[in-house]
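The structure appears right after this line, and notes come after that.
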Number of protein chains: 2
Amino acid sequence: MTDTPARLLNLLSLLQTPREWPGSELATRLGVSPRTIRRDIERLRDLGYPVQATMGADGGYRLAAGAAMPPLVLDDEEAVAIAVGLRAGAGHAVEGIEEASVRALAKLEQVLPSRLRHRVGALQAATVPLVGGDGASVDPHTLTVMASAATGQERLRFAYRKGDGEETKRLVEPHRLVSTGRRWYLVAYDIDRDDWRTFRVDRVSEPFATGARFTPRELPAADAAEYLSRSMAGLQPTYRVVAAFEAPAEFVAARLPRWLGMPVATGDTSCRLDVTTADSLEWVAFRLALVDCEFAVHEPPALIEHLRELGARISRAAG
Amino acid sequence: MTDTPARLLNLLSLLQTPREWPGSELATRLGVSPRTIRRDIERLRDLGYPVQATMGADGGYRLAAGAAMPPLVLDDEEAVAIAVGLRAGAGHAVEGIEEASVRALAKLEQVLPSRLRHRVGALQAATVPLVGGDGASVDPHTLTVMASAATGQERLRFAYRKGDGEETKRLVEPHRLVSTGRRWYLVAYDIDRDDWRTFRVDRVSEPFATGARFTPRELPAADAAEYLSRSMAGLQPTYRVVAAFEAPAEFVAARLPRWLGMPVATGDTSCRLDVTTADSLEWVAFRLALVDCEFAVHEPPALIEHLRELGARISRAAG
DNA sequence: CGATCTAGGACACGTCCTGGCCTATATGGG
DNA sequence: CCCATATAGGCCAGGACGTGTCCTAGATCG
């Protein structure tokens with residue numbers, strides 16, 4: 001409280017409250033004269049924070065939207081809410097911002113007080129994983145540890161469950177996290193195997209940043225996404241799904257995630273969807289049923305079988 | 001950039017990066033001597049931010065978790081990611097932190113630069129509303145405007161669609177937002193009608209804070225939640241849902257949201273769920289089907305009918 | 001053992017921060 | 001209309017404090 005910088009930070013946090021503060025109240029609250037408050041406001045404006053003032057009787061200051069993000073001052077509950085929200089969305093985030101979302105979560109969790117961390121964990125446990133599917137859900141904690149290690153250029157140690165169920169210990173230099181559809185991959189240089197590898201994040205457990213720094217190697221590809229798609233080509237079983245809907249293409253498109261592709265209109269009130277890269281039939285079945293209109297699945301047989309079972313189960317539930 | 005406070009904020013933002021910074025690099029980057037950096041670190045520590053230092057060769061500083069949240073310095077993408085994540089979760093947030101979640105969103109959107117606001121809007125449009133249900137989804141923008149007006153004690157103007165479909169104009173003094181299950185309500189004092197009212201947020205459109213301040217009146221109840229439940233008693237149609245599952249109670253509980261209540265075990269591999277306050281049958285049907293085990297619905301008839309249709313539709317889709 | 005980092009005391013110089021006082025200006029209410 | 005109250009900002013005096021340049025001590029790794 002003796003410092004000018006501390007006061008400015010306090011001021012910034014007060015101004016982020018969605019209300020107006022008269023200068024006199026700010027002065028008494030921060031323990032300085034109103035004149036100094038006016039100067040502090042000026043300082044904040046010089047720093048680029050657009051402090052808005054309303055003139056006249058019962059005027060006051062508030063922080064408006066500007067050119068750059070000001071440092072967000074959150075109270076405990078807000079921080080927990082953001083952390084829980086981001087973790088809930090970590091598995092199936094909106095496409096295009098998955099990486100940024102994980103980065104933000106890592107940044108927040110790095111400085112999250114431990115008592116709040118417990119609350120986040122408890123609430124996270126209470127949350128319902130929306131996709132039952134094949135159970136390949138990612139642990140937000142794993143994601144954030146990996147993201148931190150990648151940007152911090154620290155070596156990473158973890159246990160990896162291979163496709164055949166065997167557990168192996170890995171020591172890698174993490175390069176980047178890549179999200180495809182709803183699955184996460186880590187592109188990293190495997191120290192022991194002395195080569196680049198990709199790891200499915202849902203098969204990783206007990207990730208641990210060793211603290212040892214490394215200098216980034218050059219990836220043998222234009223970027224991590226390209227390397228991933230090259231290394232996955234022909235490797236994992238993917239399905240091609242073809243379905244027809246009895247509803248306008250816009251109606252269906254609005255109810256499907258983008259990465260499933262866009263439906264093509266086959267008439268005024270019908271359209272067709274062709275998904276080439278589906279990797280979980282349960283998930284696709286679930287999304288199709290959610291569209292809330294008549295539809296028919298033409299391919300693959302496994303999906304048709306799964307839908308038959310689901311429909312039968314629901315019918316049985318109805319007595 | 002000439003100021004000490006500005007440098008401290010910059011330093012704080014650098015230290016939030018998940019990596020270690022040697023003092024010398026911080027010095028050159030911020031354009032001051034290493035000694036000043038050491039003093040700045042000390043200042044931050046005095047302010048309560050736990051700057052962790054590792055000694056020895058290639059040591060450095062980083063920001064650790066402490067007692068209080070430091071101001072979060074986000075880049076553009078991270079801010080957008082948080083905003084989108086919170087908006088996506090605004091409708092059906094994790095129980096217990098809905099209000100905090102909306103507060104955080106309001107705080108963020110208040111200072112979000114407009115160019116980022118456009119990106120948030122675009123991504124938000126691309127997001128899929130998870131619950132089709134009765135279409136009573138809330139607009140995150142409406143929520144944040146209302147939350148800001150309530151905590152900022154500003155009068156609020158909006159259009160309200162009553163139960164019979166009629167549009168009315170309202171001018172209110174917002175008191176609090178309350179979330180029950182997946183629905184949002186505003187408890188406010190209606191100026192024109194000169195009495196307290198509750199409004200369903202999903203029926204509100206074009207909310208607008210007038211800027212006129214008011215002094216809070218005393219609510220004729222212990223708190224907003226109590227007032228809401230009193231004013232809703234016997235008013236809105238709620239259903240009682242009874243369902244039986246052929247799976248252990250823990251299995252079912254883990255796949256149901258808390259506000260639906262807890263299933264009661266009726267055997268080792270069976271349990272029973274009794275929901276007294278369901279307000280949307282589509283939503284309940286959807287959640288029950290998601291549990292992924294055999295189940296049967298005993299009540300109400302409307303839900304059974306809905307399930308019958310859903311099951312038939314899925315079966316038809318399977319050809 | 002030496003290199004390299006953090007940690008921090010001492011000192012001197014100059015800057016800038018503060019409070020008090022002034023005026024100008026915008027706004028709303030009696 | 002006029003007055004109260006708010007922001008906005010200039011000017012000035014005095015003193016606090018931030019700065020760079022020394023210095024030494026302690027920790028850690030190769």
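For the pair B/Arg43 and D/dG18, the criterion of a side-chain N or O lying under 4.0 Å from OP1 or OP2 is met. Residue A/Thr4 has a polar side-chain atom (N or O) positioned under 4.0 Å from OP1 or OP2 of C/dT18. Distances shorter than 4.0 Å separate none of the side-chain N or O atoms of A/Thr36 from OP1 or OP2 on C/dC17.
Here the closest heavy-atom approach between residue A/Phe214 and residue A/Arg155 is recorded as CD2-N, 3.8 Å. Listed here is the closest heavy atom pair of B/Ala81 and A/Ala100: CB-C, 3.9 Å.
Ion pairing of B/Asp46 with B/Arg43 is absent here, as no side-chain N (NZ or NE/NH1/NH2) approaches a carboxylate O to less than 4.0 Å. A salt bridge links B/Asp190 to B/Arg170: at least one charged side-chain nitrogen sits closer than 4.0 Å to a carboxylate oxygen.
With A/Thr198 contributing its side chain and A/Val187 its backbone, the two residues share no donor-acceptor pair below 3.5 Å. In terms of modelled atom types and a separation under 3.5 Å, the side chain of B/Arg117 and the main chain of B/Leu112 share a donor-acceptor contact. Checking side-chain atoms of B/Gln16 against main-chain N and O of B/Ser13 turns up no donor-acceptor pair under 3.5 Å. At least one donor-acceptor pair closer than 3.5 Å links the side chain of A/Lys107 to the backbone N or O of B/Val73. Counting only distance, with no hydrogens or angles, the side chain of A/Tyr189 and the backbone of A/Pro174 share no donor-acceptor pair below 3.5 Å.
In this structure, the CG atom of A/Leu44 is 15 Å from the C1' atom of C/dC17, given to the nearest Å. To the nearest angstrom, C1' of D/dA16 lies 13 Å from CZ of A/Arg7. Between the C1' atom of C/dA7 and the CD1 atom of B/Ile37 lies a distance of 14 Å, rounded to the nearest Å.
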Short N/O separations, protein against nucleotides 8-10 of chain D, under 3.5 angstrom:
{"unit_1": "D/dA8", "atom_1": "OP1", "unit_2": "A/Arg45", "atom_2": "NH2", "d": "3.2"}
{"unit_1": "D/dA8", "atom_1": "OP2", "unit_2": "A/Arg45", "atom_2": "NH1", "d": "3.4"}
{"unit_1": "D/dA8", "atom_1": "OP2", "unit_2": "A/Tyr61", "atom_2": "OH", "d": "3.1"}
{"unit_1": "D/dA8", "atom_1": "N7", "unit_2": "A/Arg38", "atom_2": "NE", "d": "3.4"}
{"unit_1": "D/dG9", "atom_1": "N7", "unit_2": "A/Arg38", "atom_2": "NE", "d": "3.2"}
{"unit_1": "D/dG9", "atom_1": "O6", "unit_2": "A/Arg38", "atom_2": "NH2", "d": "2.7"}
{"unit_1": "D/dG10", "atom_1": "N7", "unit_2": "A/Arg35", "atom_2": "NH2", "d": "3.3"}
{"unit_1": "D/dG10", "atom_1": "O6", "unit_2": "A/Arg35", "atom_2": "NE", "d": "2.9"}

Could you write out each protein N or O paired with an N or O of nucleotides 13-15 of chain D at a distance under 3.5 Å?
none

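A residue-by-residue look at B/Arg39 and B/Trp21 shows that B/Trp21 has its nearest nucleotide of DNA chain C further toward the 5' end.
Between D/dG18, C/dG19, C/dT18, one nucleotide has an atom nearer to the side chain of A/Ser33 than all others, and that is C/dG19.
In this structure, B/Tyr61 and B/Arg38 have side chains that are in contact, with non-hydrogen atoms separated by less than 4.5 Å. The shortest side-chain heavy-atom distance between A/Pro71 and A/Leu12 falls under the 4.5 Å cut-off.
Contacts of residues 22-32 of chain B with DNA chain D (heavy atom under 4.0 Å): B/Val32.
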